[in-house]
Amino acid sequence: MERQWFLESIAANGSHLTYQITQLPFRIGRDPDNDLVLTSRGLSRHHALLTPDISGRIRLTDLNSTNGSFVGRQRVEGSCLLDDKDIVHFGTAEFRLRLRVEETSGGDQLRTMLVPSGLRLSEMFVAHEREFLDLLDGYGMSGAAQPIVEAQSRRVVAYELLGRANHPLLPTSPMRLFSLASALDREVELSVAFRRFGIAMIAPRLQGFALFANTHPKETFSEEFFASLVSLREQNPGLDLVIEIHETAVTDSRRLIELAARFRDIGIRFAYDDFGAGQARLSELGEAPAHFVKFDMGLLHDIHLASERKRHVVSDLVKLVLDLGSVPLAEGIELEAEAEVCREMGFQLIQGFLTGKPIPVDQLQGPRQIAG
């Protein structure tokens with residue numbers, strides 16, 4: 001299936017206008033370098049950013065705009081995931097997000113036809129499907145590890161395993177690979193392949209450090225997922241593995257309590273990923289506290305320039321996490337000024353380009369590797 005996102009607005013005369021989201025990231029603002037340039041009253045020069053999410057949805061990040069971004073008339077602090085038909089405001093400019101899904105299969109009726117010359121080739125099958133299936137089997141699979149450091153000392157205490165590809169015909173970025181996987185309905189298989197590769201190839205080079213590994217929301221509560229973790233634990237008894245739970249899975253307190261118990265039985269710690277004020281997940285966090293809570297990078301982007309109101313919101317969330325006995329981790333930190341504010345707020349761990357960029361697997365030096 002082909003998925004196409006677009007923004008719909010209504011002009012003053014009542015006519016409907018559509019703006020196709022041709023590529024992601026997609027930037028909205030007043031300056032001409034944005035993908036969607038708006039002159040509406042109250043819009044910032046660089047107001048908001050739309051990016052793809054591993055779940056197949058779109059993530060809206062407010063870029064500390066003066067007049068805010070809103071979803072369902074609720075102000076976004078940091079970022080949040082969007083759904084089809086969501087009403088979004090950038091300042092006073094109102095839009096509805098729409099998703100058009102077109103079938104790319106030929107249906108049940110098969111016929112042989114003579115095709116006239118000069119017609120454009122159809123795109124009924126996913127491009128590079130064979131190469132993607134080779135990737136799932138390990139060919140062209142690669143990875144990296146990004147340091148996670150103590151907020152005060154900058155000492156490396158853990159790494160996050162990141163999936164990559166070095167296949168000549170496939171994209172290298174995990175987000176584009178998951179888009180391809182989504183078209184083939186094989187997101188879980190890609191997630192498992194990345195995790196298997198990272199633990200097999202990267203973990204032995206980083207002995208003595210905790211290793212964070214991502215999951216796809218489609219696999220979180222499946223028996224196959226738990227069985228794979230049991231197998232990993234049996235094969236790597238000394239591995240300090242931390243499983244990251246995607247925010248879209250943090251919706252049901254009862255299932256999360258069961259999930260935490262299963263992790264405890266297996267001997268694996270877990271983290272809530274992309275935690276932020278716009279998710280309304282506070283009750284679930286209280287019912288099933290994670291060992292680590294990774295704060296959404298959109299929430300912390302340019303936090304040193306954010307309003308006092310936003311900084312107060314983030315500070316209160318950090319205090320809540322600490323009171324629950326979890327370790328707050330600031331993700332996506334790129335500037336020293338951001339790190340300083342995070343330390344003042346009580347963040348115990350930091351991850352981002354400031355304290356260490358992802359290190360490709362072939363450049364990992366072994367257990368003494370430090371942040372670059």
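Computed from heavy atoms alone, side chains included, the values below leave out hydrogens, waters and symmetry copies. Numbering starts at 1 and runs along the sequence shown.
- Sorted by first and then second residue, the salt bridge (charged side-chain N to carboxylate O under 4.0 Å, His left out) pairs with a member in residues 165-190 read Asp185-Lys218, Arg186-Glu189, Glu187-Lys218; sequence neighbours excluded.
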Atom pairs and distances, side-chain donor-acceptor, residues 86-97, under 3.5 Å, sequence neighbours left out:
unit_1, atom_1, unit_2, atom_2, d
Asp86, OD2, Asp83, N, 2.7
Thr92, OG1, Arg41, O, 2.9
Arg96, NE, Glu8, OE1, 2.9
Arg96, NH2, Glu8, OE1, 2.7

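- Listed by chain and residue number, nothing satisfies the side chain to side chain donor-acceptor pair (under 3.5 Å) test with Thr61 (two or more places apart in sequence, or in another chain).
- For the side-chain contact (heavy atoms from CB on, under 4.5 Å) test, residues two or more places apart in sequence or in another chain that qualify with Val341 are Ile303, His304, Arg311, Met345.
- By the side chain to side chain donor-acceptor pair (under 3.5 Å) test, Arg98 is found to be paired with Asp84, residues two or more places apart in sequence or in another chain being considered.
- A salt bridge (charged side-chain N to carboxylate O under 4.0 Å, His left out) check over residues 312-322, counting only residues at least two apart or in different chains, returns the pairs Lys319-Asp323.
- Contacts classified as side chain to side chain donor-acceptor pair (under 3.5 Å) and involving residues 337-346 (residues at least two apart or in different chains) are given here: Glu336-Arg343, Glu340-Arg343.
- The other members of the hydrophobic cluster of Leu49, by chain and number, are Leu63 (side-chain heavy atoms under 4.5 Å, ILVMFWY only).
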Could you go step by step and tell me if Glu244 and Arg269 meet the salt bridge (charged side-chain N to carboxylate O under 4.0 Å, His left out) rule? CA-CA 9 Å; Glu244 296 190 20; Arg269 295 189 289 174; over 6 Å; no
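- Scanning for side chain to side chain donor-acceptor pair (under 3.5 Å) contacts around Gln235 gives Ser231, with sequence neighbours left out.
- Legend: residues meeting side chain to side chain donor-acceptor pair (under 3.5 Å) with Lys310, ordered by chain and number and at least two apart, are Asn64.
- For Glu331, the side-chain contact (heavy atoms from CB on, under 4.5 Å) partners two or more places apart in sequence, or in a different chain, are Glu160, Asp273, Asp274, Lys294, Met297, Leu329, Gln351.
- Contacts of Ser142 classified as side-chain contact (heavy atoms from CB on, under 4.5 Å), with partners at least two apart in sequence or in another chain: Arg164, Asn166, Val361.
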